[in-house]
Amino acid sequence: MTWRSPLAILRDAVRGQRAREKDLRNLVSNLPYEGLDKVKQPNRYFPGNAIKTTKYTLLLFIPMSLYEQFHRLANIYFVGLAILNFVPVVSAFQPEVALIPICVILSLTALKDGWEDFRRYQSDRKLNNTPCFIYSREEKEFIQRCWRDIRVGDFVKVVCNEIIPADLLLLHTSDPKGVCHIETANLDGETNLKQRKAVSGLCLSDPEFDPERFKGVVVCEKPKNNLNHFKCYVEKPDKEKLGAGIESLLLRGCTVRNTDHAVGFVVYAGHETKSMLNNNGPRYKRSKLERKLNTDVFFCVILLLAMCLIGAVGHFLWLQALPGVPPYLVPYSTGQQESPALSAVYMFFTMIILLQVLIPISLYLSIELVKIGQIFFITNDIDLYDEETDSRIQCKALNITEDLGQIEYVFSDKTGTLTENKMVFRRCSIMGTEYPHKENAIRLAVVDEPDSEEEVIFNQQPRPEQTGWSVRSEDTSPKYIQHHHSSRSKSTFWSTAKSNVAFSSPLETEVIPDRKLLQQISRAEGSSQQNDPYLDFFLALAICNTVVVSTATTQRRRGGWLSQSCQTKNPLDAMSNLVKMARSFCHIFTPRHCNPNQNGTVSEDSVPKGNHFKMGVTGDTRGLQPLSHHAPSQCNEAATTPDNLSYEAESPDEAALVSAAKAYGFTLMARTPDSVTVRLPTGNDLVFEVLDTLAFDSNRKRMSVLVRHPITGEYVLYTKGADYAIMELLGTPYAGHCSVSQKNVAADTQYHLDCYAKEGLRTLCFTKKVVSGNVYESWLVNRKRALAAINNREALIMDTAVQLETNLFLLGATGIEDRLQENVPDTIVALREAGIQVWVLTGDKLETAVNIGYACRLLEEEDLVINMSCKNKITCTSILDCALEEVGRYSDDPRNVDTTPDISLVIDGRTLTMALSSDLQNRFVDLAKRCRSVLCCRVTPLQKSSVVKVVREKLKVITLAVGDGANDVNMIQAADIGIGISGQEGMQAAMASDFAIARFQHLKKLLLVHGHWCHTRLANMIIYFFYKNVAYVNLLFWYQFICGFSGTAMIDYWLMIFFNLFFTSVPPIMFGIMDKDASAEILLGVPELYRTGQGAGEYKSSTFWISMLDAFYQSLVCFFIPYLTFQDSDIDVFTFGTPLNTISLFTILLHLSIEIKSWMVVHWVIMLGSVALYFIVTLAYSAICITCNPPSNPYWILQSQMADPMFYLTCIITTVVALLPRYMFHVLRNSIAPSPLMQARHLDRLDPTSREQWIKEWRSFRGGGHVKRSKLSIPPSPTLETPGDIYSLSPTTSDVMVLGSH
């Protein structure tokens, strides 16, 4: 390596910084510069592909670890005191000994951080040494290197099932169409395949790709963390620009699937890749309890300074009162004595050192240990495990578990959060005619209402597929059974028949065609007309989507949410699964005989047999390997049949619509970037040339596909989208072949859409437009210009889409059902009973959202529903004022004290924008907080996060947001606690959340049980910690009144260290992890108990100061009873201090035993173990450690004390007197005015049958789950025997006002 001057190195560094900060980067191939020095490399300014996620290095570990730990003011405080103890004039203990406590705390934390960093180092080394293939000009081939050797400008080859090592611009694939399939599960959790295509126009698609032929310049934007956007173009030597976007970018961390190999040009490497830019590490949030804790620590500091000031003043007065100079006060070398004032100043600092334990040094470490233990029990709760997805709860934010017990507002998404996100095709309207699909409704009704769960699992088999239909002219179908939202428990078969392909369960893919519509399609096929709207409707269903077509032939390994090591290994479960699997296979090969007369079933002959989606394998299908196939050819036509097709969709709507088209014979056979193959009911294949795809976006609310018709050669634009986005784009009433009766198609379709919405169905409109050749050519020029643009690219692309999507021809609409998850209504009712306001924020239209609201019991039949849908701000203001006036009139009525009206608010996105404006914001929040529930529809992701922020900041409440999709991430991150659901739409929400669950119903136990436990345990443990330290330190403080405020201690310093580090440290930690103030059954059965934690919760200022006063009282008793006992005796100072230390241990531990609500074996072991450890260590220390703390000599002190009966009598009497007030307070409070939690503990003592009966009677009296009172009412005593007694203690109906339904 040649020598370079420091000036050249500095100049190169500045140039590199400028190159990395530029908005655009010009990248060229590294091949012409292979073998040259780094200074001659054109892309040398950009980082390599090696990554480093460690925080420390071996040399700098200790200083950097100390720097990290000194961010905590408590650590600085204790280190400062330890250093202060080295100053002779203020030292209170042996200086070296004073360092031990803080050194132990710092060392334990450093070891924890070091171990975590070492694991990161191992992971980095493994990743950087992963092999890959890089092209070498010298070798004329791809050679195997490591990931760390990749540089920007290299050509990298990736093969099937290999992880992509860097962000690559796709230039070539083994597929003749230039297609590469990738799986992005490592980035966003989505397991469905995504298509990527090579940059078009490079002519590099030869079978043998030669990177040396690439002479272009890649111009791309600087690295950004947005996984869905990428701006780039390739400038050829002839200055032609070829636009490329995210569809041509292979992201680091993704896995190549169904493609033999692909070659890409490295545009971003290492820490500049999009996956690394999104790897922000764990989030740190401060809980409400932690903020309150810091306030109380500040109060303790003030208390400490006050006590030290008293000690300094007392020392000054004591010295002033002395008649002469005592001999033990050593003068200076000059023979002069210190003045009393100067001695008092020194004594102030000495007292700080002496009483430093008043600030609990181990509190923060103990809190971390308690939270780790709490999270362990949460993650291992079997009730929070979902068998269907084989996933359990994940806790990512370790420091806010206690906030789960103080939630006051829950903001929830609807689709995928409250619902299954498994879309079921239910109804459609074509050219103004509605087709209800009654037979399909009956099939779903059969699944919803099984005779037994076992029968559904083993007897419901998919219908065999046939190529033709059996159309019956007689309409003998049973009465249409309408089921809106079945629970997951009612469709066990569909849940257990899992597939790794997203949105591909039989419930979603099987559709029984409508007889009337079948006949209409048959007539349309018989006519010679090519542009029949019925045929176009189903072609639009099959074509207008991004579904990837694959076949289940070879293995494709899929990564689950949990590793295999996390799966349950119960032998009984395994045996049961084997038996069920054997029975299911028997049913696969044994024909099922259906009884046509049986109620709720459909005979095999009565079902029209279209091309239903067939579930190829039952049970575990983790080996499915979809292989991409394209337009059928002679060689693969026989192998490609509708039977072995598998559809991988990015959204469940698309999967349901493609499956519906397939049921009517319009089978999507293949899809490439350039073509779509659809098999018609006649068996003929149509290969449409795809000219462009106008992707869906949240502004347009629609997507379009522009194709060339293979028969007519016309340019046809198929569009689907929301009704309000489509209806305004319709042209003049259709074509000339439409009759007069068809002129009102739009009005009839809109009526059907409204009916679908009222039934809770999701609606989409489908249109068609024939584009002339001249229009297409002129549009294509603008489109290419937009795609090649770097600046303002998204707006230009949207403008081209809007330019083409005009004068559309309405074909029809669809209604798709999204079913509620299991136990969603029960969960929402329980949350409301717990005092939590539930808001649902959804993008659905108002009618659909309201229907779902009633189905999930967010809205009740007796509610007064305020519907805010305004077109202008004046109307919005008027409605807000009127509603506030009505609610205020209700609240002012003295008969309605402590009650809340049953008012619900429904507001759409446009009105919400006006309500959140600065002048109306306060009024909207005031109205919303008085409502029992709020339903926001037609809202955008930005509005969701805005609503959460406004409520949290205005009302100062703890908020929780729960969602399942990428559009919920902003809302989740805006709330105090974010809950992500690992749903059908991937794991973007789960990855951005603080806690990830599999089902909405898990929220009930997570909040009502674990949240309540975590809050009460941690709050009580923190208060106990403060009490413990104050009670112990005050012994030293009271002793100063006896020893002339000299700063001496009557307890050996080693024993003082052991007292806090060993003797009394473990019991409160176990108390914070294991204590239960009520059982899980009671907390779930009586959700009102959750309200005890809301607001100030268990950790109130009054509770804190009462504990401080109790600590002062107990310390007075523990000091002065032994002092009066041994007064005028000749015992030494340590003989006096040993009983004090022992009494303090008994008092502190027995105080904790009074606070423990549920005793377990571990509590007994820890308590008795602490006492035994104290005596063993103290006896050993008194016998062995004679000169450990000179000049003091603790030899044989405890042994002598234990031989004196006075020692035992003093310990017993003092402990009883110290704890008597607290014990009597608990007895009187629990006897005279028991708290709800106390009565809940009484319920736990009943047998399970009596307990369930009591809860059932209590809940029935509460009105079937309706929450009427805003405050927690005390439940009746469980000892009452008759329901009449219960009613007599509960509020009468006259106390409650119910507003009429609206």
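Keep in mind the model is a prediction, meaning the values are calculated, not measured. If you read the sequence from its start, that first residue is 1, and numbering goes on from there. The analysis underlying the following values was restricted to heavy atoms, covering all of them including side chains, and did not include hydrogens, waters or symmetry mates.
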Given Arg793 and Leu787, is the side-chain contact (heavy atoms from CB on, under 4.5 Å) satisfied, shown in steps?
CA-CA 7 Å; Arg793 185 184 185 195; Leu787 290 173; 4.1 Å; yes
Where does the angle between the aromatic ring planes of Phe766 and Phe537 fall among parallel (under 30°), tilted (30 to 60°) and perpendicular (over 60°)?
perpendicular
Salt-bridge contact Asp23-Lys224 (side-chain N to carboxylate O under 4.0 Å)
no
Which atom pair, heavy atoms only, marks the closest approach of Met703 to Phe696?
CB-N, 3.6 Å
Quick one: are Arg938 and Arg910 in side-chain contact, heavy atoms under 4.5 Å?
no
Yes or no on side-chain contact (heavy atoms from CB on, under 4.5 Å) for Arg137 and Glu212, after CA distance, side-chain angles and deciding distance?
CA-CA 8 Å; Arg137 190 181 65 168; Glu212 296 186 42; 3.7 Å; yes
List for me each residue that meets side chain to side chain donor-acceptor pair (under 3.5 Å) alongside Glu21, sequence neighbours excluded, and say none if there are none.
Gln17
Ion pair Glu794/Lys231, N-O distance below 4.0 Å
yes
For the pair Phe230 and Tyr268, name the ring-plane relationship: parallel under 30°, tilted 30 to 60°, perpendicular over 60°.
perpendicular
Asn545 vs Leu657, side-chain contact (heavy atoms from CB on, under 4.5 Å): CA-CA, chis, key distance, verdict
CA-CA 9 Å; Asn545 52 67; Leu657 294 174; over 6 Å; no
Go through Gln943 and Thr913 one step at a time and tell me if the side chain to side chain donor-acceptor pair (under 3.5 Å) criterion holds.
CA-CA 8 Å; Gln943 284 179 312; Thr913 302; 2.6 Å; yes
Pairing residues for Arg785 by the side chain to side chain donor-acceptor pair (under 3.5 Å) criterion, not counting sequence neighbours
Asn782
So, for Thr546 and Arg671, which heavy atoms are closest and what is the spacing to 0.1 Å?
C-NE, 4.2 Å
Contact summary for Ala262 and Leu170, nearest pair of heavy atoms:
CB-CD1, 3.8 Å
If every non-hydrogen atom of Val218 is compared with every non-hydrogen atom of Cys232, which pair is closest and at what distance?
CG1-SG, 3.7 Å
side-chain contact (heavy atoms from CB on, under 4.5 Å) assessment of Met727 paired with Leu753:
CA-CA 11 Å; Met727 290 299 182; Leu753 287 168; 3.9 Å; yes
Keeping Asn43 on the side-chain end and Arg151 on the backbone end, is there a donor-acceptor pair under 3.5 Å?
no
Verify, without hydrogens or angle tests, whether Asn684 (side chain) and Leu680 (backbone) share a donor-acceptor contact under 3.5 angstrom.
no
Verify, without hydrogens or angle tests, whether Thr273 (side chain) and Ala166 (backbone) share a donor-acceptor contact under 3.5 angstrom.
no
Using only atom types and a distance under 3.5 Å, with no angle test, would you say the side chain of Gln41 pairs donor to acceptor with the backbone of Tyr33?
yes
Using 4.0 Å as the upper bound for N to carboxylate O, is an ion pair formed by Lys157 and Glu141?
no
Set of residues satisfying ring pair (Phe, Tyr, Trp, His ring centres under 6.0 Å) with respect to Phe688, sequence neighbours excluded:
His709
Would Glu272 and Arg20 pass as an ion pair if we require N to O under 4.0 Å?
no
For residues Val690 and Pro673, determine if any side-chain heavy atom of one lies less than 4.5 Å from a side-chain heavy atom of the other.
no
Taking ring pair (Phe, Tyr, Trp, His ring centres under 6.0 Å) as the test, write out the residues that go with Phe142, two or more places apart.
Tyr135
Counting only heavy atoms not in Lys784, do more than 12 sit closer than 6.0 Å to its NZ atom?
no
Can you tell me if Asn161 and Arg257 form a side-chain donor-acceptor pair at under 3.5 Å?
yes
Look up atom CG in Leu227 and atom CG in Leu249, then write down how far apart they are to the nearest 0.5 Å.
10.0 Å
Identified side-chain contact (heavy atoms from CB on, under 4.5 Å) counterpart of Pro710 within the set Leu686, Thr677, Asp685:
Leu686
State which residues pass side chain to side chain donor-acceptor pair (under 3.5 Å) with Thr806; sequence neighbours excluded, sorted by chain then number.
Lys769
Determine whether Thr767 and Arg702 satisfy the following criterion, side chain to side chain donor-acceptor pair (under 3.5 Å), listing intermediate values before the conclusion.
CA-CA 11 Å; Thr767 65; Arg702 57 187 179 271; over 6 Å; no
Positive for side-chain contact (heavy atoms from CB on, under 4.5 Å) with Arg783, one of Leu796, Leu706, Asp692, Leu804
Asp692
Write down the atom of Ala540, the atom of Tyr718, and the distance for their closest heavy-atom approach.
CB-CD2, 3.6 Å
Would you say Thr415 and Arg762 make side-chain contact, with heavy atoms under 4.5 Å?
yes
Is any side-chain heavy atom of Tyr647 less than 4.5 Å from a side-chain heavy atom of Val549?
yes
Does Lys177 come within less than 4.0 Å of Asp674, counting only side-chain N to carboxylate O?
no
With heavy-atom distances below 4.5 Å as the criterion, would you say the side chains of Val676 and Val707 are in contact?
no
Side-chain donor or acceptor of Arg196 paired with backbone N/O of Ile246 under 3.5 Å:
yes
Looking at Arg252, is its backbone amide N or carbonyl O close enough to the side chain of Lys274 to form a donor-acceptor pair, meaning the two atoms are under 3.5 Å apart?
no
Counting only heavy atoms not in Asn791 (residues, nucleotides, ligands), do more than 12 fall under 6.0 Å from its CG?
no
Apply the test side chain to side chain donor-acceptor pair (under 3.5 Å) to residues Glu805 and Thr719: give CA-CA distance (whole Å), side-chain angles for both, the deciding distance (0.1 Å), then the verdict.
CA-CA 8 Å; Glu805 294 169 335; Thr719 304; 4.6 Å; no
Heavy-atom check, side chain of Leu27 versus side chain of Cys220, under 4.5 Å:
yes
Any Cys180 side-chain heavy atom under 4.5 Å of Val256 side chain:
yes
Can you find a pair of side-chain heavy atoms, one from Phe809 and one from Val770, that are under 4.5 Å apart?
no
Just to verify, what does Arg44 make a side chain to side chain donor-acceptor pair (under 3.5 Å) with, not counting sequence neighbours?
none
Has Asp260 got a side-chain atom pairing as donor or acceptor with Cys160's backbone, closer than 3.5 angstrom?
no
Does Trp779 use its side chain to pair, donor to acceptor, with the backbone of Thr800 at less than 3.5 Å?
yes
Only one of Leu694, Leu691, Ile543 passes side-chain contact (heavy atoms from CB on, under 4.5 Å) with Val705, and that residue is Ile543
Over all heavy atoms of both residues, which pair between Ala746 and Leu810 is shortest? Give the atoms and the distance, please.
CA-CD2, 3.8 Å
Expected output: side-chain Asn49 to main-chain Pro165 donor-acceptor under 3.5 Å
yes
